[in-house]
Chemist: 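One structure follows; several queries about it will come next.
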2 protein chains.
Amino acid sequence: MGVTKTENYTEAQVELSKMIKVLGHPARIAILQSIIKANSCICGDLATEIGLAQSTISQHLKELKSVRLIQGTIEGTSMCYCINQENWHKLKNELLVLFNSANIDESACC
Amino acid sequence: MGVTKTENYTEAQVELSKMIKVLGHPARIAILQSIIKANSCICGDLATEIGLAQSTISQHLKELKSVRLIQGTIEGTSMCYCINQENWHKLKNELLVLFNSANIDESACC
DNA sequence: ACTAATAATCGTAATATTGCGATATATAAA
DNA sequence: TTTATATATCGCAATATTACGATTATTAGT
């Protein structure tokens, strides 16, 4: 069908996977790294920097905004984006819970 | 187009996003949590546990295998899956690099 | 008010993903 | 060998994603 059966999962599983999914595209990784590198808001030179059309970058930014990994404010005629620290850390912590829950000791059987 | 322009990105960005992308589905989160919870390989009762068709679960397992987050060995008539500790930690560390690179101090301007 | 610059949205085409049933494959048990 | 059980693969339909150009706001400067 192509539609995810969200009713099969816990709210936490759906929410976490939704956040992760947004991270799962090289353009959005590149955008985030670029924002982080600038250490503050950078604006629409992302398009030329990354090599995608302006509308495409705008769409990726929208997705990053939709899960609140970034936030933007109007800065004159441009937009100023930066990491949403609160949600950034929330996601980081949830990922750590997941990744740390796998036992290190080699009880693995395969 | 629908096709990601991988030539725009670094190898690292492509590889990382590919791994993350596989994590970005609730069924695959549920599968991983289930495997982790059992602390060792569990087999195909994942289908009934999660509530998807056997073929669908098999496909998700294939994707998790394709990025080597899990590995499986034949165990009689069933398959025995567990976390690939090496790649699990590798991904964890790469995620930490990304998440820690965002400065905590509120130099944020928006 | 007019113009320039920037970003968001719309419409569209190409491709990818999700999920299922049916089938094929492989091993264990009888 | 036959049968049962478990998993993988194939083919398909429905939907989602990615990317672009064109258009539409929105704000700054003239």
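These numbers were taken from a predicted model, which means no experiment stands behind them. Chain identifiers are assigned alphabetically (A, B, ...) following the order of the sequence lines, protein sequences preceding nucleic acid strands; residue numbering begins at 1 within each chain.
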Chemist: Round to a whole Å and report the spacing from NZ of Lys65(B) to C1' of dA8(D).
Modeler: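 The answer, rounded to whole Å, is 8 Å.
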
Chemist: How would you label the contact of Ile57(A) with the nucleic acid (heavy atoms, under 4.0 Å): base, sugar-phosphate, or nothing?
Modeler: nothing

Chemist: From CD of Gln54(B) over to P of dG21(C), roughly how many Å is that when rounded to an integer?
Modeler: 11 Å

Chemist: Could you tell me how far apart Glu75(A) (CD) and dA7(C) (C1') are, to the nearest whole angstrom?
Modeler: 14 Å

Chemist: Determine: side-chain N/O of Thr77(A) to OP1/OP2 of dT6(C), distance under 4.0 Å, yes or no.
Modeler: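 So the side chain of Thr77(A) is outside the cut-off, no N or O lying under 4.0 Å from OP1 or OP2 of dT6(C).
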
Chemist: Figure out the CD1/P separation between Ile74(B) and dA6(D), and round it to whole Å.
Modeler: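 Ile74(B) atom CD1 is separated from dA6(D) atom P by 15 Å.
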
Chemist: Select from Gly51(A) and Lys21(A) the residue whose nearest nucleotide in DNA chain D is closer to the 5' end of that strand.
Modeler: Lys21(A)

Chemist: Does a side-chain N or O from Tyr81(A) land closer than 4.0 Å to OP1 or OP2 of dA8(C), or not?
Modeler: yes

Chemist: OP1, OP2 of dG19(C) versus side-chain N and O of Thr56(B): anything below 4.0 Å?
Modeler: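 Checking dG19(C) against Thr56(B), no side-chain N or O comes under 4.0 Å of OP1 or OP2.
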
Chemist: Write down the atom of Tyr81(A), the atom of Gly72(A), and the distance for their closest heavy-atom approach.
Modeler: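 Residues Tyr81(A) and Gly72(A), closest heavy atoms: CD2-CA, 3.6 Å.
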
Chemist: Rounded to the nearest Å, what distance is computed from the NE2 atom of residue His25(A) to the P atom of nucleotide dA16(D)?
Modeler: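 That distance rounds to 17 Å.
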
Chemist: Return the value, rounded to whole Å, for the distance between atom CD of Glu7(B) and atom P of dT18(D).
Modeler: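 Going from Glu7(B) (CD) to dT18(D) (P), I get 15 Å.
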
Chemist: Given the rule in the side chain to side chain contact (heavy atoms under 4.5 Å, CB included) test, do Arg28(B) and Ser17(A) qualify, once you have shown the distances and angles that lead to the verdict?
Modeler: CA-CA 9 Å; Arg28(B) 294 191 285 266; Ser17(A) 63; over 6 Å; no

Chemist: Tell me: CD1 of Ile31(B) to P of dT7(D), nearest whole Å?
Modeler: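 After rounding, the gap between these two atoms is 12 Å.
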
Chemist: Taking donor-acceptor contacts at under 3.5 Å, does the side chain of Ser78(A) reach the base of dT6(C)?
Modeler: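 When only heavy-atom distances are counted, Ser78(A) does not reach the base of dT6(C) through any donor-acceptor pair under 3.5 Å.
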
Chemist: Which heavy atom of Ile29(A) sits nearest to which heavy atom of Leu98(B), and what is that distance?
Modeler: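 Heavy-atom minimum between the residues: CD1-CD2, 4.2 Å.
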
Chemist: Whole angstroms only, please: what is the CG-P distance between Leu61(B) and dA6(D)?
Modeler: 15 Å

